[in-house]
Amino acid sequence: MQNWNNALRWIQEKLNQQVFEAWFAPVSFENLNGHTLTLKVPNKFFKEWLSNNYIDLIQEAMLVEFGKPYHVDFRVVEQGDERSPDYSDVTPKPQPQAPPHSFGEVRLNPKYLFENFVVGASNQLPHAASIAVTEMVGTKYNPLFIYGGVGLGKTHLVHAIGNAIRENAPEKRICYISSEQFMNEFVSSLRTDKMDLFHRRFRRETDVLLMDDIQFIAGKDRTQDEFFHTFNSLYEQNYQIVLTSDKYPQEIPDLEERLRSRFQWGLIADIQPPELETRIAIAKKKAEEEGIPLPNDVAFFLASSIKSNVRELEGSLINLAAHASLEGRRIDLDFAQETLKKVIALQQTALTVESVQNVVCKHFNVTLEEMRGSRRQRSVAFPRQVAMYLCRKGLNTSFPEIGERFGGKDHTTALAAFRKIEKLVAEDIDVRGRVEALERLLGF
Ligand code: ADP
Ligand code: MG
């Protein structure tokens, strides 16, 4: 029980407050038996949602807390509230993707299909190009480079490509991987002397390489070099390459020119934020998929309140459904307005430098005064540098401001810290592990 509370606190740190409250406040501990943790949840909708979306997080929290893996079970304990909307026909969603590092395995999310991708003016071109790729694999647009802002459907589209090819041409070997995972696998193959396997897998045993978030390899010289050879090898064999990025190739910093130019050999298609009609259609489609009854006026209200990002739109819809199911309310316009007001207010509480400092302090067990002080002992200086690095990287805080917020230091100190940690992240697997764990914790 105590351990569950610790695990819960760990989970809380990783989620935005709103999300945490919506999904975890109503959950309670039932028991811990052998290798199984059983949690009580208020209804079936919660059970479905938690098991589809948060199981990995819960398991990770248990692993951190107990040092060994647990299986997680949910038991529905109805509160006997007759007014609860009926979510019994919630369509069960497929399990989330397998964890990274399952080297050699295709990790396509079966939920992301062309059928449930809503097309509008904002995404027509990348959608059409993606379909073309599935019809003429390796010969039409190669590479296909999809770029656009966060939460606009890039990952959805590449999975849809993979799923469609798997359906039409099951003999094709498809590899979906983020460039970050590519880097991790590359580094671990180097360390374990398995580069031959790595080459075989990426250069010869992949007919379709779907690489998500290529912008991540910015500044990672060795990974870029490796990817350059991967690219060439696949390209020469007419194997299909699809890349996504949150930036146009010209805008990706620290990217080798030879890669930049290759990214432009095929087709570059950008996704824009969807227009109102598309957002309404997306809200309705998601509601239908999740079995959430969503009246038209509420769909309109949601779509007109949340403009920039489909992921947020989806998140608000789901939060709305969670609140409704808990409070036994119908999802009508009044309820939506009431609930969304809180959501929007919370979303605006952006992560601040202070919260980065707090999280880093806690992780390294140093105090806030030490973090902002000037002791140079490694046990204090290193956490300070990591926190500065994270502020720059995750919050894009300017160096002078970072210096200022870390006890009035010079901007050159902040810059030097950033460079140092950046270098270590690229070269030292332990530092990278820590920094990545902190980034996850902070939701970067
Ligand atoms: P990105 O990779 O661009 O950050 P994702 O592909 O992860 O964005 O999309 C975020 C969420 O929004 C996903 O759940 C996805 O299914 C959904 N989404 C984005 N665009 C659309 C769309 N046009 N139709 C349906 N769902 C969409
Ligand atoms: Mg994505």
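Order of listing sets the numbers, starting from 1, for every ligand and every atom in it.
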Residues Phe46, Tyr54; criterion ring pair (Phe, Tyr, Trp, His ring centres under 6.0 Å); working and verdict: CA-CA 11 Å; Phe46 264 78; Tyr54 292 110; over 10 Å; no
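- Among protein heavy atoms, atom 25 (C) of ligand 1 sits closest to Asn116 O, 3.3 Å.
- Among protein heavy atoms, atom 21 (C) of ligand 1 sits closest to Phe117 CE1, 3.7 Å.
- Taking the ring axis of Tyr235 as reference, the NZ or CZ atom of Arg262 does not stay both within 45° of it and closer than 6.0 Å to the ring centre.
- Ranking protein heavy atoms by distance to atom 8 (O) of ligand 1, first place goes to Gly153 N, 3.0 Å.
- With respect to the salt-bridge test (charged N to carboxylate O, under 4.0 angstrom), the residues Glu290 and Lys286 do not qualify.
- Not a single N, O or S atom of Thr244, from either the backbone or the side chain, sits less than 2.8 Å from the Mg ion (ligand 2).
- The pair Lys14-Glu60 meets the salt-bridge criterion, with a side-chain N (NZ, NE, NH1 or NH2) lying under 4.0 Å from an Asp/Glu carboxylate O.
- Without hydrogens or angle criteria, Gln357 side chain to Arg405 main chain gives a donor-acceptor distance under 3.5 Å.
- In this structure, Gly151 has a heavy atom closer than 4.0 Å to ligand 1.
- Here the heavy atom of the protein found nearest to atom 24 (N) of ligand 1 is Val118 N, 2.8 Å.
- Using a 4.0 Å cut-off to heavy atoms of Gly149, the atoms of ligand 1 that qualify are 3 (O).
- Taking a cut-off of under 4.0 Å to the non-hydrogen atoms of Asn123, the atoms of ligand 1 that pass are 23 (N).
- When the shell of 6.0 Å around CD of Glu171 is examined, it contains more than 12 heavy atoms from other residues, nucleotides or ligands.
- Of the candidates Glu226, Lys194, His229, Glu226 is the only one forming a side chain to side chain donor-acceptor pair (under 3.5 Å) with His199.
- Remark: Arg392 does not engage Glu422 in a salt bridge, criterion side-chain N to carboxylate O under 4.0 Å.
- Heavy atoms of Leu157 found under 4.0 angstrom from ligand 1: none, in either backbone or side chain.
- Contact atoms of ligand 1 toward Tyr112: 13 (C), 14 (O), 16 (O) (distance under 4.0 Å to a heavy atom of the residue).
- Here the heavy atom of the protein found nearest to atom 16 (O) of ligand 1 is His156 ND1, 2.7 Å.
- The closest protein non-hydrogen atom to atom 27 (C) of ligand 1 is Val310 CG1, 3.6 Å.
- From the protein, the heavy atom lying nearest to atom 13 (C) of ligand 1 is Glu314 OE2, 3.5 Å.
- Arg311 NE, 3.7 Å is the protein heavy atom nearest to atom 10 (C) of ligand 1.
- Contact annotation: for Lys111 versus ligand 1, there are no heavy atoms closer than 4.0 Å.
- Annotation for ligand 1: atoms under 4.0 Å from non-hydrogen atoms of Val150 are 4 (O).
- Contact annotation for Thr155 and ligand 1: heavy atoms of both the backbone and the side chain come within less than 4.0 Å of the ligand.
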Step-by-step side chain to side chain donor-acceptor pair (under 3.5 Å) determination, Thr38 to Asp73: CA-CA 5 Å; Thr38 307; Asp73 248 3; 4.7 Å; no
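- Not one N or O on the side chain of Glu13 forms a donor-acceptor pair closer than 3.5 Å with the backbone of Arg9.
- At a 4.0 Å cut-off, at least one heavy atom of Lys286 sits close enough to ligand 1 to count as contact.
- Aromatic rings from Phe202 and Phe186 are positioned such that their centres are separated by 6.0 Å or more.
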